[in-house]
Amino acid sequence: MTTIENPQTPQRDVDPDKLMAFVFRAVEEIGAGLNGGLVVLGDRLGYYRALADLGPTTPVELAERTGTDEHYTREWLNCQAAGSYVDYDPATGRYTLPPEQAVAMTDESSPAYLPGLFQIAHGTLRDLPSIIAAARSGDGVGWGDHNGDVHLGCERFFRPAYLNNLVAEWLPALDGVTGALERGVRVADVGCGHGASTILMAEAFPASSFVGFDYHGASIEVAAERAAEAGVSDRVDFATQRADSFPGSDYDLVTMFDCLHDMGDPVGAARRIRETIAEDGTWMIVEPAAGDHVEDNLNPVGRAYYAFSTMLCTPASLAQDVGLALGTQAGPARIRDVAVTAGFTRFRIAAQTPFHNVFEVKP
Ligand SMILES: C[S@@+](CC[C@H](N)C(=O)[O-])C[C@H]1O[C@@H](n2cnc3c(N)ncnc32)[C@H](O)[C@@H]1O
């Protein structure tokens, strides 16, 4: 044990081995944090796609294929190799994207697809100055106040999870919902963002009709474009509306994907759903995976979600009336409280993945 003396701070007994272990862990985190930017760069410049197509590649070949400068591809590849994103062969000077990393970095249909997660993280950090100011003042930062990497990154992050789970796993886990959607019912998707979930449901259930609501007008415009591209505009509408006052009545299914905790007044939103849902209707709430207690969430997924909560979701809620700020890791008990306070009587966890909890709520 060494006593470190610093005239500025009180004396502390410090274990130098533990101190250096912490310093090296922090260096690893700096590398990982900076690599977050390099993943966005590699995604945007097409480096991962080119590596997946080319196989073992030199920096010059990667630069030629992507129309970029070889000084940048060389340093980028070395950082990717140091972080085990690519393999490096010293004998040939070539770098290879292993098949698993190729799926994770390039296959948008895979649940393991990662660039969207990096893009929303990068967008979130770009807005850190506003978050620092808001943390001082107690104000919020609205969803619409963020840069486009947050909005597009959110869509690219969540869509693969919805694509792989929503129609195949989550909707069938709800009592009688898939059959009703096949016969043809009315669905409201509240807090729909760019409409990924709304459009996936519309593609799977052509006899049903869907309306997506979000208070962020720019997201609603993108959602309408996405619906037209997907060829489902005949059965999907989108409208800029708040969750506590959206129009309509007798919805058979109301869905909320990764947004209840972002709302300023989740109880007000739940009350509006109670008013507009059919008596035998279902409210499906998809929320980030979380347990009820802090200690349940002290793991890598919880860590990432608490970071998003600090910089994205909590400020988004605080920017709105009421500002309940449930947090990204609200957990089932608090979500149940919201539903019960609004007059719903039945609540259960219908499905879970490493990243999501799916709740079934009924009048
Ligand atoms: C994390 S994003 C999720 C978007 C989309 N559901 C998805 O899964 O890709 C949260 C969304 O909630 C929306 N939102 C937040 N508060 C809202 C409110 N009070 N009324 C309607 N939408 C709201 C935001 O505009 C944003 O689109």
Side-chain angles (χ1 to χ4, degrees), residues 120 140 142-144 150-151 154-155 157-158 161-162 165-166 170-171 173-174 187-198 201 211-216 219 241-246 251 253-277 281-292 297 302 305-306 308-310 312-344 346-353 355-363:
I120 188 172
W143 185 255
V150 167
H151 308 137
C154 177
E155 176 189 9
F157 169 40
F158 283 131
Y162 304 160
N165 292 295
L166 174 53
W170 295 346
L171 290 168
L174 307 176
V187 182
D189 188 14
V190 180
C192 65
H194 286 187
S197 51
T198 336
M201 290 189 287
V211 57
F213 298 117
D214 199 288
Y215 84 145
H216 182 222
S219 284
Q241 294 283 346
R242 282 191 355 221
D244 58 3
S245 56
F246 65 89
Y251 291 112
L253 175 66
V254 179
T255 54
M256 272 191 177
F257 293 86
D258 288 292
C259 60
L260 181 65
H261 63 275
D262 293 292
M263 295 177 181
D265 185 9
V267 175
R271 285 206 177 98
R272 185 62 193 146
I273 292 169
R274 182 69 191 81
E275 287 162 5
T276 58
I277 202 164
T282 301
W283 176 19
M284 176 169 77
I285 309 172
V286 177
E287 277 285 294
D292 289 327
N297 306 321
Y305 277 144
Y306 277 128
F308 282 122
S309 190
T310 313
L312 214 49
C313 311
T314 298
S317 177
L318 290 173
Q320 302 180 36
D321 289 345
V322 182
L324 187 65
L326 278 175
T328 311
Q329 296 287 269
R334 294 193 74 197
I335 303 297
R336 182 181 183 282
D337 264 5
V338 167
V340 170
T341 307
F344 286 91
R346 284 175 287 167
F347 180 97
R348 73 178 174 97
I349 300 176
Q352 288 182 298
T353 74
F355 296 100
H356 285 108
N357 284 336
V358 180
F359 305 108
E360 180 189 70
V361 186
K362 288 187 158 277

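Since the structure is predicted, the reported quantities are computational estimates derived from the model, not experimental observations.
In terms of heavy-atom proximity, Ala342 sits nearest to Val267 at CB-O, 4.1 Å. Of all non-hydrogen atoms in Ala161 and Trp170, the two that sit nearest each other are O-CH2, 4.4 Å. The minimum heavy-atom distance between Leu318 and Ala325, with the atom names listed, is CD2-CB, 4.0 Å. Ile277 and Pro363 make their closest contact through CG2-CG, 3.9 Å (heavy atoms, listed as atom of the first residue, atom of the second, distance). Nearest approach of Ala270 to Phe344, heavy atoms of both residues: O-CE1, 3.4 Å. Nearest heavy-atom pair across Ala290 and Ala330 is CB-N, 4.5 Å.
For the pair Arg272 (side chain) and Phe246 (backbone), a donor-acceptor distance under 3.5 Å is present. Using modelled atom types, no side-chain atom of Gln320 and backbone atom of Gly140 make a donor-acceptor pair closer than 3.5 Å. Between the side chain of Ser309 and the backbone N or O of Thr328 there is at least one donor-acceptor pair closer than 3.5 Å.
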### Task
Might you work through the side-chain contact (heavy atoms from CB on, under 4.5 Å) test for Val187 and Val211, ending with a clear yes or no?
CA-CA 6 Å; Val187 182; Val211 57; over 6 Å; no

#### Entry: Worked check of side-chain contact (heavy atoms from CB on, under 4.5 Å) between Tyr305 and Cys313
CA-CA 9 Å; Tyr305 277 144; Cys313 311; over 6 Å; no

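Applying the side chain to side chain donor-acceptor pair (under 3.5 Å) test to Arg242 and every residue at least two apart in sequence or in another chain returns Asp244. Not counting sequence neighbours, the partners of Phe359 by the ring-ring contact (aromatic ring centres under 6.0 Å, His included) test are Phe347. Every residue two or more places apart in sequence or in another chain that forms a side chain to side chain donor-acceptor pair (under 3.5 Å) with Arg274 is listed here: Glu279. Glu155 is linked by a side chain to side chain donor-acceptor pair (under 3.5 Å) to His194, Arg226, counting only residues two or more places apart in sequence or in another chain. With sequence neighbours excluded, the residues forming a salt bridge (Lys or Arg N to Asp or Glu O under 4.0 Å) with Arg348 are Glu360, listed by chain and number.
A 4.5 Å side-chain heavy-atom check between Met284 and Leu171 finds at least one atom pair inside the cut-off. At a threshold of 4.5 Å between non-hydrogen side-chain atoms, the residues Ile120 and Phe308 count as touching. With a 4.5 Å cut-off on side-chain heavy atoms, Ser197 and Phe158 do not count as touching. Between Ile285 and Val361, some side-chain heavy-atom pair lies under the 4.5 Å cut-off. Taking the side chain as every heavy atom from C-beta outward, Trp283 and Tyr251 never approach each other to under 4.5 Å. Side-chain atoms of Val190 and Val254, non-hydrogen and from C-beta on, do get closer than 4.5 Å to each other. Asp292 has its side chain within reach of Pro332: a pair of non-hydrogen atoms, C-beta onward, lies under 4.5 Å apart. Under the 4.5 Å side-chain criterion, counting only non-hydrogen atoms from C-beta, Leu326 is not in contact with Ser317.
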Side-chain donor-acceptor contacts of residues 255-266 below 3.5 Å, not counting sequence neighbours, with atom names and distances?
from, atom 1, to, atom 2, distance (Å)
Thr255, OG1, Ala188, O, 3.4
Thr255, OG1, Asp189, OD1, 2.8
Asp258, OD1, His356, NE2, 3.3
Asp258, OD2, Tyr162, OH, 2.7
Asp258, OD2, His356, NE2, 2.8
His261, ND1, Glu287, OE1, 2.9
His261, ND1, Glu287, OE2, 3.0
Asp265, OD1, Gly268, N, 2.8

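Atom SG in Cys192 sits 9.5 Å away from atom CE in Met201 (nearest 0.5 Å).
Counted by atom type alone, Tyr306 and Asn297 present one or more donor-acceptor pairs between their side chains at under 3.5 Å.
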